[in-house]
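Structure first, then comments.
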Amino acid sequence: MSFQAYLDKIEEKTGKTPRELVDEAHQRGYGAADVKAGTILDWLKADYDLGRGHGMALVQVIKNGAQISDKHVGTNGTHSDPSNMLWLDGKATNPALR
């Protein structure tokens, strides 16, 4: 599953766009460099019932922003994405899906 597919599934499960969840995480102080992934995963599990795989995709975005490594772009692997920039504003507004 690609990073973008993980984010799209998170939106389906929580009813919130990835950007809304990132904003919420930052309001809680979870975007700070010293915050451990486990702290964020615990919050996502408790409040949104997200498992580790989906949670770690969101941790990546919370900690590092929407840009991902080029190694995930245009490959034939299961984690391949079409772009190194993830869409955080919801599936319905993603221009790549139109």
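There is no side-chain donor-acceptor pair under 3.5 Å between Y6 and Q60. Inspection of the Q4 and D8 side chains reveals an N or O donor paired with an N or O acceptor under 3.5 Å.
Residue I68 is not grouped with residue W87 when hydrophobic side chains (ILVMFWY) are merged at heavy-atom distances under 4.5 angstrom, including chains of intermediate members. In the hydrophobic clustering of ILVMFWY residues, with side-chain heavy atoms under 4.5 Å counting as a link, I10 and I40 come out together.
Counting heavy atoms from C-beta on, the side chains of Y48 and H54 never come closer than 4.5 Å. Annotation: side chain of T17 is not in contact with side chain of L88 (no heavy-atom distance under 4.5 Å).
Between T39 and Y30 the shortest heavy-atom distance is CG2-CE2, 3.8 Å. Between E11 and G90, the shortest heavy-atom distance links the atoms OE1-CA, 3.2 Å. A37 and V59 get closest at one heavy-atom pair: CB-CG1, 4.0 Å. Across A25 and I62, no two heavy atoms sit closer than the pair CB-CD1, 3.6 Å.
Under the 3.5 Å distance criterion, the side-chain polar atoms of K45 are left unmatched by any main-chain donor or acceptor of R52. Proximity of a side-chain donor or acceptor of D81 to a complementary backbone N or O of F3 within less than 3.5 Å is detected.
The CG atom of L50 lies 6.5 Å from the NZ atom of K13; values are rounded to the nearest 0.5 Å. Interatomic distance, K16 NZ to D23 CG, rounded to the nearest 0.5 Å: 10.0 Å. Distance check, rounded to the nearest 0.5 Å: OG1 of T14 to CG of L21 gives 4.5 Å. Rounded to the nearest 0.5 angstrom, L7 CG and L58 CG are separated by 6.5 Å.
Under a 4.0 Å N-O distance rule, the pair R28/D47 qualifies as a salt bridge.
Shown here is K9, whose NZ atom has no more than 12 heavy atoms of other residues, nucleotides or ligands within 6.0 Å.
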